[in-house]
Amino acid sequence: MDLGIAGRKAIVCASSRGLGRACAWKLAEAGCEVVVNGRNRDQVEATAAEIRNATGAKITAVAADVAAPKGKTPCSRPAPSPTS
C-alpha cells in the first residue's frame, strides 16, 4: 500500500524497541527518513543500524530523553522547519 509519505521525515520518540521501533520500521519501509530515539545510546544505535540495513532508508539515531528540556533539541534538530 502506498501511503504517499515517501521522502518525508519522521521523528519517532521511544523507538529503540517495542511499538515505537515497529512504527519507525514501517515508516522507513514506506520511504521516510526516520529519526530513531531512546535514552539508551547502544540500543538506539543498534535499532537504527538494523532498520537502515533492512530498508535502505536514511535513519538518524538520537539518544536523548525527550521528557527533559535538553533532550528535545537533539531530536528536533534533524527535522525541517514547519511550513505554512
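Keep in mind that this is a model prediction, so the values were computed, not measured.
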Minimum heavy-atom separation for [X] and [Y], please, with both atom names.
X: Leu27; Y: Ala10; answer: CD1-CB, 3.8 Å
X: Thr55; Y: Ile51; answer: OG1-O, 2.7 Å
X: Arg39; Y: Ala63; answer: O-CB, 4.5 Å
X: Ser16; Y: Thr47; answer: O-OG1, 2.6 Å

Quiz item: Atom CD1 of Ile5 and atom NZ of Lys26: how far apart are they, to the nearest 0.5 Å?
Solution: 11.5 Å

Quiz item: To the nearest 0.5 Å, how far apart are CD1 in Ile11 and CD in Glu33?
Solution: 10.0 Å

Quiz item: With sequence neighbours left out, what residues match Ser15 under side-chain hydrogen bond (donor to acceptor under 3.5 Å, both in side chains)?
Solution: none

Quiz prompt | Over 12 non-hydrogen atoms of neighbours within 6.0 angstrom of CZ in Arg52 | solution = yes

Quiz item: Does the pair Val34 and Val12 meet the rule for a side-chain contact (heavy atoms from CB on, under 4.5 Å), with working shown?
Solution: CA-CA 7 Å; Val34 181; Val12 185; 4.1 Å; yes

Self-check item: Counterpart residues, salt bridge (Lys or Arg N to Asp or Glu O under 4.0 Å), relative to Arg21 (two or more places apart)
Solution: Glu50

Quiz item: Is a side-chain donor or acceptor of Asn37 paired with a backbone partner of Val66 at a separation under 3.5 angstrom?
Solution: no

